[in-house]
Amino acid sequence: MGIENFVIRFDNPSGGYYAGQIVSGIVQFSTTKPYNSDGVFIRYMGRADVHWTETRTTGTGENRRTETIHYSAHEVYFDQKLCLYSPPGGNLQPYNYSFPFSMQLPMHIPSSFIGTVGKIFYQVKANVHRSGMHMATNVALPFSVVSIKDLNLYPQLQNPVTMKNNKTFGALFWKSKPLTAQLSINKQAFVSGENILVSGLINNESDVKIKECELKLIKNVQYYARGSSRRDKVTVYKCTQPSIEKESQANWVNVPVFVPCLPPSGLDGCNIITTDYILLVRIVPPGVRFALELTFTITIGTIPFRQQLGPPPPMPGSAGAGYAPMPGPTGPGYAPMPSGGGAGYAPMPSGGGAGYAPMPSGAGAGYAPMPAGNNYGYAPPPPGAPGGYAAGPSAPYLACEAGPVPEKPPIPGNSSFPSAPSTNPSAPPSAPVPPPYGDIQPTYGVYLGDSNEPPAYDSLFKGSPSNKEDEDDGGKNYQPKYPSFNIPPK
């Protein structure tokens, strides 16, 4: 084979990116003998696919027929193919090749998702095309995208919510006294890594002992195709509380329900797959009796509430948003500013401070001007990132990575074949993305399923990101990664 050691490596080893970030890396391969090629190409692709089947029986007797109906739908978010290198004379000489690449993700694309009958999938694919033949050597590497769902845009979801329900056992003259539950959760929106805290009172006035109490975080997935829909329900986390004796009570105080790594609610930007979450509390009696249930609607985001980091330290004076007012020229503890300069300071030169360039138009104190379309209030990263790649914020490493990324193969110094250019002048400017909040840094991980009830797709799509030297498999061997936050309790 003429092409060997064909791999794609991301500069961010986690392979997890927020929408709007820069995806950059290198394509590497080596040739041991001359190889006729039209060029080295790279393709960036993001898409969603849905497909399921239903059977329908019509007619009777000899006219009875069973037909299979296929429902499918597709969406493409981006699909771009570029030439990384065109060899002189259409011939790749023996050499260790390395070609950098970079692309900016659109801001409004849905999060990666793998379900039972649908997926939202992103990948980079490189190929070396053989001259004069409809043949190419391919390698593909998927990556995870996390859409920006900022919980701070939904302040009403910080409020607690309370649910109440009751039921009796038996019927008519044998009806028992009621079983009553009044429970509340600390808020209605969370990010992965947090705990939903459940509190309240369960009053069992009946003569029936409660077997157990179940708390389930459930993900509902809706698929749409050809005017039809299909709904799947997956328990993503489950825990239990002890039994409750008859004619007794149970008082719950901040019972935790963990939120694992999950895609955000809604899958905003996708029209053929949607998700929503509920917390289901089931108070289960023995035998065939029906359980008492309480249901809470839960929103999963990818950026936590800022207030959870604690309020800023108190400042003297009246100020908005936790900041003290700016003292005037005769504020308390300040001497009046002399004309032409402060005490011991030269007057400010026209157009800038001493030794400093003048402030650019539209900028705040010491900050770059805000680019158009920025909804997050943060300036973009500075230009001139190392290695000639477009500047972009670095994403955290995967908590589940097995080891470091291998070194790039060396390039022979005496070779007459140049490597790919070190800069990409056509690379777009980086997009601003939400920074970490204080000491809280998100890490990227996959949802491996609760030990008792793994999700349905866990048994169907196993494995981790890997390079393939043939056609890509549509992401069935890839498990998406989502950010998880370690937020201390208030």
Side-chain angles (χ1 to χ4, degrees), residues 151 154-221 231-260 262 265 275-301 305 308 449-455 487 489-490:
L151 297 184
Y154 312 94
Q156 70 279 8
L157 298 182
Q158 283 188 290
N159 299 324
V161 63
T162 301
M163 301 292 293
K164 184 176 181 180
N165 199 1
N166 65 83
K167 72 171 298 153
T168 57
F169 305 106
L172 300 177
F173 303 107
W174 295 275
K175 185 178 294 186
S176 69
K177 291 185 177 180
L179 167 66
T180 305
Q182 181 170 324
L183 302 176
S184 62
I185 55 176
N186 56 322
K187 54 183 179 177
Q188 304 166 62
F190 303 83
V191 293
S192 296
E194 285 191 279
N195 284 317
I196 304 171
L197 302 180
V198 184
S199 303
L201 179 67
I202 301 175
N203 187 10
N204 183 16
E205 299 181 66
S206 73
D207 56 356
V208 177
K209 178 182 177 180
I210 300 302
K211 178 182 176 183
E212 66 177 358
C213 301
E214 300 176 345
L215 297 95
K216 294 182 178 182
L217 181 58
I218 297 175
K219 176 177 66 177
N220 296 312
V221 185
R231 189 174 184 87
D232 287 349
K233 180 186 293 186
V234 180
T235 297
V236 296
Y237 187 83
K238 175 184 175 181
C239 62
T240 60
Q241 290 294 296
S243 61
I244 304 174
E245 296 294 331
K246 59 183 180 180
E247 299 178 351
S248 64
Q249 297 179 342
N251 188 24
W252 290 0
V253 179
N254 292 339
V255 175
V257 179
F258 181 69
V259 180
L262 296 169
S265 297
T275 57
D276 63 78
Y277 297 88
I278 62 170
L279 173 63
L280 177 63
V281 181
R282 301 182 71 247
I283 303 169
V284 185
V288 294
R289 301 177 179 92
F290 292 104
L292 174 63
E293 296 184 348
L294 294 91
T295 302
F296 299 87
T297 300
I298 301 296
T299 299
I300 303 297
F305 289 114
Q308 291 180 144
D450 184 77
S451 58
N452 296 323
E453 283 194 48
I487 298 179
K490 297 179 66 175

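Everything quoted here is computed from the prediction, not taken from an experiment.
Looking at heavy atoms from C-beta onward, M163 lies out of side-chain contact with T295 at the 4.5 angstrom threshold. Looking only at side-chain heavy atoms (C-beta outward), V259 and Y277 stay at 4.5 Å or farther from each other. W252 places a side-chain heavy atom less than 4.5 Å from the side chain of V281. Side-chain contact check for F190 versus L217: every heavy-atom pair is 4.5 Å or farther apart. Taking 4.5 Å as the limit, every side-chain heavy atom of Y154 sits out of range of all side-chain heavy atoms of T299.
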How far apart are the C-alpha atoms of I185 and V257, what are their side-chain angles, what is the distance that settles it, and do they pass the side chain to side chain contact (heavy atoms under 4.5 Å, CB included) test? CA-CA 10 Å; I185 55 176; V257 179; over 6 Å; no
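In this structure a side-chain-to-backbone donor-acceptor pair under 3.5 Å is present from S176 to F169. Looking only at distances, no side-chain donor or acceptor of D232 sits under 3.5 Å from a matching main-chain atom of V221. At least one donor-acceptor pair under 3.5 Å links the side chain of S192 to the backbone N or O of L262. Without hydrogens or angle criteria, S199 side chain to N254 main chain gives a donor-acceptor distance under 3.5 Å. When atom types are taken as modelled, the side chain of Q182 and the backbone of G200 share no donor-acceptor pair closer than 3.5 angstrom. Judged purely by atom type and a 3.5 angstrom limit, N204 uses its side chain to pair as donor or acceptor with the backbone of S206. Under the 3.5 Å distance criterion, the side-chain polar atoms of T168 are left unmatched by any main-chain donor or acceptor of K177. Side-chain N or O atoms of S265 include one that pairs as donor or acceptor with a backbone N or O of I300 at under 3.5 Å.
Here the straight-line distance linking atom CG of N195 with atom OH of Y237 works out to 7.5 Å at 0.5 Å rounding. The OG1 atom of T297 sits 8.0 Å away from atom CD of Q188, with the distance rounded to the nearest 0.5 Å. Rounding to the nearest 0.5 Å gives a distance of 11.0 Å between NZ of K167 and NZ of K175. To the nearest 0.5 Å, the span separating CG on N186 from CD on Q158 amounts to 10.5 Å. Put simply, CG on L197 and CD on E194 are 9.0 Å apart, with the number rounded to the nearest 0.5 Å. Atom CG in L183 sits 11.5 Å away from atom NZ in K164 (nearest 0.5 Å).
The one candidate from I202, V208, N203 that meets the side chain to side chain contact (heavy atoms under 4.5 Å, CB included) condition with L179 is I202.
Between R282 and E214 there is a salt bridge, since at least one side-chain N of the basic residue sits less than 4.0 Å from a carboxylate O of the acidic one.
Contact between Q249 and I244 at its shortest, heavy atoms only, is C-CG2, 4.4 Å. Across all their heavy atoms, A291 and P285 have their closest contact at CA-CD, 3.7 Å. Minimum interatomic distance between S184 and T162 (heavy atoms only, all atoms of both residues): CB-OG1, 3.3 Å. Heavy-atom minimum distance, T240 versus K238: CG2-CE, 4.4 Å.
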